[in-house]
Colleague: 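Below you'll find the structure I mean.
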Number of protein chains: 2
Amino acid sequence: MVHYIEMIDQPSTEPSTRDRIVTTARELFFDQGYNATGISEILKKSGAHSGSLYHYFPTKEDLLMAVLQQYKELLQPMVIGPARERASQPIDRIFAVLHGYRLLLEATDFRLGCPIGNLALEVSNSHPAPRALICENFDGWMDQVRTLIEEASGSLPPDTDIDRLAVLLLSTMEGAVMLARTYRSFEPFDQSVLALREHFEQLSLLGTTWSKPKNLEK
Amino acid sequence: MVHYIEMIDQPSTEPSTRDRIVTTARELFFDQGYNATGISEILKKSGAHSGSLYHYFPTKEDLLMAVLQQYKELLQPMVIGPARERASQPIDRIFAVLHGYRLLLEATDFRLGCPIGNLALEVSNSHPAPRALICENFDGWMDQVRTLIEEASGSLPPDTDIDRLAVLLLSTMEGAVMLARTYRSFEPFDQSVLALREHFEQLSLLGTTWSKPKNLEK
DNA sequence: GTCTATACAACGATAGAC
DNA sequence: GTCTATCGTTGTATAGAC
């Protein structure tokens, strides 16, 4: 609420103290995890002081929630949008989203994968409120991917379960990123994505040869 | 080294102090994560005292490595063996392994998923030595699953890439467990597994009909 | 190998001046 | 809203008697 007003009132000036704190916390949580990142570290890197941080965020958990809220807002401009621009064909756009995570692994030498996945495993048991926000992040991802799948449905059998496919893509991506980061190798990621590709190719095959006239348009 | 002697010398008596410490640490790391678990908590729950713990494990990281070593030894008796006994058909045995994780999610109300996956994301960036042991755990899992796939290769196309399939199963399982734990719901897990089932069914279809006349059967 | 006592740094969080 | 100073606790790890 105050948040939106700030975004309007400060169109293109330097970021507010609050935003610097959230962004810094996001970066540190991403790289080191939630528990391994101390408040003092966030203060030092952001240049803010403890009085300011605790003015905005009464507890560390509140700061985590602001970070997760920011991730929700970054999904479109940072993940989905760029992926859409990198590919023109419907099915390629789906895999362009996955490829985005590979680019991140590459750019960070396997340090950074999916920030939501990291936090999901670390805080789900102990922090119920952030856990709900993590669900919303996953929901947003699957919503977007579902849309991409729908746009590609011409190449899929008419009875394809799109929700199921979106869940499969998210599950496999999360696991593949986990393995790549652990092995410090693209191989498990690439193999997983390739296997998904084959699955989609099989579906395409079924979609074009199976049904009756259905998708004989052009 | 001393480890094996102890196992032989104490066939069925109560566990050694060392073993109690490792097992307790394993349970706490599993439920709470590595960073969120304090040494004092391990000492309290195991009944050991700090002098004993630091006698065996000079640092907390050394204890983590002993835990990861124990996981390697538990893979067969706790994961693969039971799965093999729960199913008789080759392909069913593969999915019985995945189902084992569902049973664990169910038994723990979604608190516990895959212990290796949890630790992988939490410590890979900061703890190189444990990271190597996590790789060995993943390797062991994929070795076992690869064997299960080979045993089922009669139902698969002859050119099936078995390694790739094993990686896909691990990636998807890890992601599916992550989502189930986050949502506190079986749905993402079940949907992911169902999608994998469909992938295997497609492969079976190709395996039996392919060889010659493409897919013009029936 | 096991126990008690404790060192010392880092943690999350607070108080109060400005 | 920002700053400094600091509280009380917990963190990992040690020392030394037995």
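Letters A, B, ... mirror the listed sequences (proteins, then strands); counts begin at 1. Side chains included, hydrogens not; waters and symmetry mates left out as well; all remaining heavy atoms used.
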Colleague: Taking 4.0 Å as the cut-off, does a side-chain nitrogen or oxygen of B/S50 come that near to OP1 or OP2 on C/dT4?
Modeller: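 Checking C/dT4 against B/S50, no side-chain N or O comes under 4.0 Å of OP1 or OP2.
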Colleague: B/D19 CG to C/dG1 P: how many Å, rounded?
Modeller: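 My rounded result for the distance is 12 Å.
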Colleague: Take the protein atom CZ of A/F57 and the nucleotide atom P of D/dT2, then report the distance between them rounded to whole Å.
Modeller: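 To the nearest whole Å, that distance equals 11 Å.
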Colleague: B/F29 vs B/Y34 aromatic rings, parallel, tilted or perpendicular, using cut-offs 30° and 60°?
Modeller: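 Answer is perpendicular, since the angle exceeds 60°.
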Colleague: So, OP1 or OP2 of C/dT2: does either fall under 4.0 Å of a side-chain N or O from B/H49?
Modeller: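 So the side chain of B/H49 is outside the cut-off, no N or O lying under 4.0 Å from OP1 or OP2 of C/dT2.
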Colleague: Considering every strand and a 4.0 Å limit on heavy-atom distances, what is the contact class for A/G38: base, sugar-phosphate, or nothing?
Modeller: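 The answer is sugar-phosphate, as A/G38 gets under 4.0 Å only of primed atoms, P, OP1 or OP2.
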Colleague: How would you list, by chain and number, every residue that makes a side chain to side chain donor-acceptor pair (under 3.5 Å) with A/Q32, sequence neighbours excluded?
Modeller: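 Result, side chain to side chain donor-acceptor pair (under 3.5 Å) vs A/Q32: A/T37, A/E41.
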Colleague: Measure from the side-chain heavy atoms of A/Y56 and tell me the nearest of C/dT2, D/dG1, C/dG12.
Modeller: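 Taking heavy atoms from C-beta onward, the closest nucleotide is D/dG1.
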Colleague: What is the distance, rounded to the nearest whole Å, between atom CD1 of A/I42 and atom C1' of C/dC11?
Modeller: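 Those two atoms, CD1 and C1', are 12 Å apart.
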Colleague: Any donor-acceptor pair under 3.5 Å linking the side-chain atoms of A/Y183 with those of B/D139?
Modeller: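 Present: a donor and an acceptor within the cut-off.
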Colleague: Can you tell me if A/Y54 touches the phosphate of C/dT14, counting only side-chain N or O atoms and a distance under 4.0 Å to OP1 or OP2?
Modeller: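 No, no such contact exists.
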Colleague: Using whole Å, what does the distance between atom C1' of nucleotide C/dT2 and atom CZ of B/R18 come to?
Modeller: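 So the CZ-C1' distance, B/R18 to C/dT2, works out to 16 Å.
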Colleague: Between C/dT14 atom P and A/I39 atom CD1, what is the distance in whole Å?
Modeller: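 Result: 11 Å.
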Colleague: Quick one about A/Q69 and A/E136 (side-chain donor to acceptor, distance below 3.5 Å, no hydrogens or angles considered), yes or no?
Modeller: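 Judged by distance alone, the side chains do not pair up.
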Colleague: So if I take every side-chain heavy atom of A/H55 and compare against C/dG1, D/dT2, C/dA13, which nucleotide ends up nearest?
Modeller: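 The answer is D/dT2.
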Colleague: Under 4.0 Å between a side-chain N/O of A/T17 and OP1 or OP2 of D/dT2, yes or no?
Modeller: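 Yes, A/T17 has a side-chain N/O under 4.0 Å of OP1/OP2 on D/dT2.
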Colleague: Rounded to the Å, how far apart are B/K60 NZ and D/dT14 C1'?
Modeller: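 The distance from NZ of B/K60 to C1' of D/dT14 comes to 17 Å, rounded to the nearest Å.
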Colleague: Ignoring backbone atoms, test whether B/S40 places a side-chain nitrogen or oxygen under 4.0 Å from the OP1 or OP2 oxygen of D/dG11.
Modeller: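 Yes.
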Colleague: In whole angstrom, what separates A/N35's CG from D/dT12's P?
Modeller: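 Computing the A/N35:CG to D/dT12:P distance gives 11 Å.
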Colleague: Given atom CG of A/L43 and atom C1' of C/dA13, what is their separation to the nearest angstrom?
Modeller: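 My rounded result for the distance is 11 Å.
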Colleague: What is the ring orientation for B/F200 with B/F95, classed by angle as parallel under 30°, tilted 30 to 60°, or perpendicular over 60°?
Modeller: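 The arrangement is perpendicular - the two ring planes meet at more than 60°.
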